[in-house]
Amino acid sequence: MNAITPKEALQPAGQAVSFSLNGRTVTARAGETLLSVCKRENIDVPHLCHKDGLESAGNCRACVVEVAGERTLAPSCCRSVAPDMKVTTDSERAVKAQRMVLELLQSDLPEADYTRHNEVDEWARKMEVGRPRFAPRAPFPSDYSHPAISVNLDACIQCTRCLRACRDEQMNNVIGLALRGEAATIVFDMGDPMGNSTCVACGECVQACPTGAIMPARGAALAVPDKSVDSVCPYCGVGCQLTYHVKDNRIEYVEGRDGPANSGRLCVKGRYGFDYAHHPQRLTRPLIRRADAPKRADMAMNPEDVLSVFREASWEEALALAAGKLKTIRDQHGGRALAGFGSAKGSNEEAYLFQKLVRTGFASNNVDHCTRLCHASSVAALLEGIGSGAVSNPVRDIEQADVAIIIGANPTVNHPVAATWMKNAAAAGTRLIVLDPRRSELAAIAHRHLQFKPDTDVALLNAMMHVIVEEGLVDEGFIADRTSGFEALKANVAAYSPEKMAPICGIDADTIRYVARLYASAKSAMILWGMGVSQHVHGTDNARCLIALALMTGQIGRPGTGLHPLRGQNNVQGASDAGLIPMMYPDYQRVDNPEAKARFESLWGMALDDRPGLTVVEVMKAIKAGEVKGMYIMGENPAMSDPDANHARESLAALEHLVVQDIFLTETAYLADVVLPASAFAEKTGTFTNTDRLVQLGRQAIDPPGDARQDLWIIQQMANGLGLDWRYGDVAEVFDEMRRSMPSIGGITWERLQREDAVTYPCMQEGDPGAPVVFTDSFPTATGRARFVPADIIPAAERPDADYPLVLITGRQLEHWHTGSMTRRAGVLDALEPDPVALVHPLDLADLGVAPGGVITIASRRGEVSLYARADDSSPPGAVFVPFCYYEAAANRLTNDALDPFGKIPEFKYCAVRITPGGTPPHQSSFGGGQILARAGDMRAA
């Protein structure tokens with residue numbers, strides 16, 4: 001894989017400028033500010049309104065310095081260097097002015113401390129400013145209306161750092177500065193209490209505030225931590241770096257860190273979704289199902305029944321039963337009678353050992369994880385078309401793109417920090433083209449929003465390619481030099497004119513032509529997509545069309561171009577790379593390839609099966625067919641995440657033996673025979689690979705509770721119980737074995753990660769810088785060429801009809817993640833979104849005669865759920881959106897398990913439903929899940 005390194009992508013640096021600073025000559029870059037030079041030269045200049053990463057405002061005047069020959073003092077945060085200028089930061093005049101500013105600001109601050117790091121006080125101490133001589137201003141009332149953020153404007157110095165963080169970084173435009181003079185004040189929206197505003201609780205204002213005027217609720221930032229541990233976020237695939245601040249083995253608060261993917265930014269989940277690790281429902285002892293407690297797929301139970309289902313056990317007893325029964329099934333029925341589901345929430349090392357255990361301990365390739373439910377079709381198309389299942393360019397390359405297509409994705413909800421880079425790029429001139437049946441927040445700032453009909457992706461994309469071919473906008477040189485199969489694709493799209501496709505996809509022909517021309521003629525254009533593309537029976541075809549668009553226009557292999565499927569979970573990329581898929585060894589080496597099989601047999605020291613294994617949904621069907629009899633599930637919750645969840649639960653309940661390794665007694669764990677209490681994200685050290693192919697080091701910050709154990713330790717004990725002899729000393733040894741089996745990360749050492757925290761693969765040799773941009777000269781295929789694969793229209797497996805006239809679309813909420821097992825146990829997140837909701841178009845609600853907030857029942861051919869209706873016009877009339885994180889209204893009881901034939905991914909994004917008014921309010925549901933298991937963390941009374 002050819003690549004462009006970060007240094008090669010940098011713009012030329014400004015010319016060097018020499019000038020005098022405090023009597024000595026220093027050199028700076030043209031355009032650099034005096035404050036920046038002072039920081040580099042270790043010269044203390046007080047500053048309050050300035051914050052790295054924010055545009056300079058120069059409104060506090062604490063950073064003034066003296067420039068020879070100028071009548072007024074200059075704010076060093078705004079003043080750029082100039083040749084031969086003479087600057088003095090510590091002259092009597094400058095220091096007197098600096099101290100006066102600090103004294104005036106101090107006089108307005110309250111006696112109460114809202115933060116341990118009040119920068120006014122800290123600078124006042126450094127500058128030896130005494131007690132203020134001036135009368136304080138009138139106090140402001142505090143605002144505690146928001147679950148996550150406290151507002152104490154009596155501590156506000158109007159530096160506007162919060163405003164600029166909200167407006168310029170996150171681009172949420174919630175915070176403003178109202179009124180004038182001494183009446184000037186920070187406001188939220190139109191002067192609303194923060195809890196009633198449109199704030200999305202990203203906390204960027206909290207991180208920016210220098211005085212505690214905007215701070216975490218409940219005084220969290222006042223705690224003096226025992227330690228601060230640098231790590232990464234446990235949620236989406238963006239891979240934001242953060243710091244855990246820990247006191248007495250509890251995470252007190254989280255701050256963003258200057259990582260490659262986030263530059264200090266976080267979202268509501270990353271900043272406030274950490275306390276699930278301390279939830280009283282944490283599993284702390286191994287559990288074994290009682291002999292008189294049958295498995296019930298309907299999960300109907302009362303809270304007092306929980307302790308009658310399981311009994312506590314020692315680790316020795318639990319492991320002996322867990323591994324011993326799996327071993328017996330293997331020996332009696334063969335390895336294909338067993339299956340394992342690993343986790344995209346775990347580390348690369350855990351994923352690697354888990355798939356190795358299945359392949360060597362179970363003696364089959366029946367191993368999979370949640371990539372099957374999110375981007376399996378994208379990976380299938382990418383491997384087929386360009387030889388690699390990973391992204392070609394990082395998200396932040398959108399800043400270098402002239403045009404960016406965002407299709408089937410809602411980044412402000414699913415990848416919030418990545419969305420900030422998209423919004424920043426749009427503000428800087430990148431033309432965003434949003435293609436989606438739903439109207440996302442990005443549609444409001446898009447150059448064009450094409451709200452096409454659900455399930456018509458191929459029609460729209462083929463029409464765009466028709467225009468590009470018909471109007472001669474293809475890159476003929478790129479096609480001739482670097483691709484194959486173009487003539488077949490050209491012939492196929494000839495039948496897909498915009499005029500013919502407009503009635504099918506709902507976008508007029510002129511708009512299709514305009515967008516096609518815009519993308520094809522751009523100097524650099526990028527495509528990013530989400531599960532709105534992949535989660536269809538034609539998901540692979542959707543991705544094939546996107547790949548073809550990039551190839552025919554040569555929009556790949558350069559900064560600001562390329563293909564980027566946005567990965568949903570924090571380590572779904574790394575888990576796939578590490579081999580948690582049934583047809584691939586680590587690094588996407590096929591199990592039926594004799595050379596790959598021989599390579600891993602040599603590495604692992606035993607014979608391996610060369611038959612591809614079963615995927616997630618195929619395993620569930622094989623259980624009902626009596627072919628799979630035992631399972632080992634680590635950190636996954638298929639009872640909630642699988643399509644047609646009723647069928648999935650029936651399958652799990654039908655297993656002879658189910659072992660679940662998790663941190664909570666999830667809906668899946670409730671059906672287990674043995675439950676092994678594992679470690680939460682912050683309780684382990686390991687590597688995690690984000691959506692940009694960035695391998696990052698997550699560090700352990702706290703210890704697991706009670707007798708819960710590290711996941712790596714549990715996997716090894718299970719392996720040894722199956723007859724393997726594993727003796728890994730620590731996580732570094734596992735990573736080293738991964739390096740030897742995975743050429744893409746062969747150059748990344750454990751020592752390097754400890755120094756640098758993050759390295760982008762491919763990194764083939766030690767010392768290589770890593771490659772954020774790949775495919776610069778060739779593709780990693782047998783011929784070095786990419787391949788065009790034509791696609792035709794295939795309708796959804798289930799269409800609306802008279803009985804089920806509406807379309808169901810499922811997905812995630814900003815505040816909750818995946819099946820909700822973590823985020824619904826995080827206090828702030830659950831307070832922000834506590835109840836299951838369906839987003840229904842106001843016109844559809846009116847037709848139903850249901851007021852917003854009323855209860856509705858949604859039914860499909862597979863089941864029904866009742867939940868609260870929220871009026872929302874982001875989905876078109878006739879479509880309803882339901883998050884799948886609520887156990888009491890599990891959306892996947894409705895979805896269809898029809899599969900894409902190539903990626904074997906279920907059709908989550910389209911099924912036929914009907915809505916009726918009324919139903920049992922969700923909080924009265926007897927469906928088993930988080931709330932009914934409140935006593936599961938303390939089982940000693942059993």
Side-chain angles (χ1 to χ4, degrees), residues 229-244 246 251 257 259 261 270 274 277 342-357 369-371 567 569-580 586-587 634-636 661-663 676-704 708-719 726 728-742 744-746 748-761 763 822:
V229 180
D230 290 341
S231 191
V232 291
C233 180
Y235 290 112
C236 79
V238 175
C240 298
Q241 291 189 6
L242 50 74
T243 299
Y244 290 117
V246 179
I251 301 169
R257 197 155 55 98
F274 56 82
S343 176
K345 296 187 282 288
S347 68
N348 289 325
E349 294 76 21
E350 291 162 1
Y352 176 82
L353 283 194
F354 191 92
Q355 62 85 34
K356 181 181 177 181
L357 177 149
H369 75 298
C370 75
T371 195
R567 310 314 297 260
Q569 294 203 41
N570 62 314
N571 202 38
V572 71
Q573 182 65 60
S576 300
D577 297 340
L580 265 187
D587 245 11
M634 171 192 157
E636 288 290 308
Q661 177 176 324
D662 215 316
I663 62 174
L676 305 175
S679 51
F681 184 92
E683 296 161 2
K684 65 183 73 176
T685 294
T687 61
F688 301 83
T689 306
N690 78 341
T691 190
D692 292 336
R693 292 179 277 105
L694 192 68
V695 181
Q696 304 191 101
L697 186 61
R699 295 178 175 87
Q700 182 176 352
I702 55 177
D703 297 323
R709 299 291 179 90
Q710 295 277 347
D711 289 271
L712 275 181
W713 180 87
I714 301 172
I715 297 169
Q716 289 194 70
Q717 299 309 307
M718 287 289 291
W726 286 4
Y728 297 98
D730 59 19
V731 65
E733 288 188 22
V734 182
F735 183 79
D736 189 61
E737 183 176 313
M738 286 173 55
R739 288 180 58 215
R740 288 185 279 123
S741 69
M742 299 171 62
S744 65
I745 64 169
I748 305 176
T749 66
W750 189 256
E751 293 73 22
R752 180 178 177 181
L753 284 172
Q754 289 179 307
R755 292 193 312 270
E756 301 180 17
D757 280 345
V759 182
T760 304
Y761 79 78
C763 180
M822 291 159 58

Query raised in the report: Between V229 and T243, does a side-chain contact (heavy atoms from CB on, under 4.5 Å) hold up when you go through it step by step?
Result: CA-CA 5 Å; V229 180; T243 299; 5.9 Å; no
With heavy-atom distances below 4.5 Å as the criterion, would you say the side chains of [X] and [Y] are in contact?
X    : Y    : answer
Q569 : C370 : yes
Q241 : D230 : no
L753 : V759 : yes
T760 : V695 : no
M738 : P586 : no
L694 : F688 : no

Query raised in the report: Do R567 and T371 have side-chain atoms, one donor and one acceptor, less than 3.5 Å apart?
Result: yes
Report task. Would you please say whether a donor-acceptor pair under 3.5 Å links the side chains of N571 and N348? Result -> yes
Between [X] (side chain only) and [Y] (backbone N and O only), is there a donor and an acceptor less than 3.5 Å apart?
X    : Y    : answer
D730 : A732 : yes
E350 : Y352 : no
Q717 : I714 : no
T685 : Q700 : yes
E683 : A708 : no
H369 : S343 : no

**Report entry** R257/S231 under side chain to side chain donor-acceptor pair (under 3.5 Å): CA gap, chis, key distance, verdict
**Finding:** CA-CA 9 Å; R257 197 155 55 98; S231 191; over 6 Å; no
Query raised in the report: Could you go step by step and tell me if Q661 and D711 meet the side chain to side chain donor-acceptor pair (under 3.5 Å) rule?
Result: CA-CA 8 Å; Q661 177 176 324; D711 289 271; 2.9 Å; yes
Atom pair [atom1] ([X]) and [atom2] ([Y]), whose distance is rounded to the nearest 0.5 Å:
X    : Y    : atom1 : atom2 : result
D587 : I745 : CG    : CD1   : 7.0 Å
T689 : R693 : OG1   : CZ    : 10.5 Å
W726 : L357 : CH2   : CG    : 4.5 Å
M634 : E636 : CE    : CD    : 9.0 Å
C763 : R739 : SG    : CZ    : 9.0 Å

Would you name the heavy atoms of [X] and [Y] that are closest together and state the gap between them?
X    : Y    : result
Y235 : G270 : CD1-N, 4.3 Å
T691 : V238 : CG2-CA, 4.3 Å
C233 : N570 : O-CB, 3.9 Å
Q710 : S679 : CA-OG, 3.6 Å
G342 : F354 : N-CE2, 3.5 Å
F735 : I748 : CE2-O, 3.2 Å

Query raised in the report: Do K684 and W713 meet the cation-pi criteria used here (NZ or CZ under 6.0 Å from the six-membered ring centre, within 45° of the axis)?
Result: no
Query raised in the report: Between F274 and F681, does the ring centroid distance fall short of 6.0 Å?
Result: no
Requested in this report: Go through the steps for D577 and Y761 under the test side chain to side chain donor-acceptor pair (under 3.5 Å), then give the verdict.
Outcome: CA-CA 11 Å; D577 297 340; Y761 79 78; 2.7 Å; yes
Query raised in the report: Step by step, would you call Q754 with T749 a side-chain contact (heavy atoms from CB on, under 4.5 Å)?
Result: CA-CA 9 Å; Q754 289 179 307; T749 66; over 6 Å; no
**Report entry** Option among R752, Q696, R699 that satisfies the side chain to side chain donor-acceptor pair (under 3.5 Å) test with D757
**Finding:** R699
Query - Residues in salt bridge (charged side-chain N to carboxylate O under 4.0 Å, His left out) contact with E733, at least two apart in sequence or another chain - result: none
Query raised in the report: Given the rule in the side chain to side chain donor-acceptor pair (under 3.5 Å) test, do E349 and Y728 qualify, once you have shown the distances and angles that lead to the verdict?
Result: CA-CA 11 Å; E349 294 76 21; Y728 297 98; over 6 Å; no
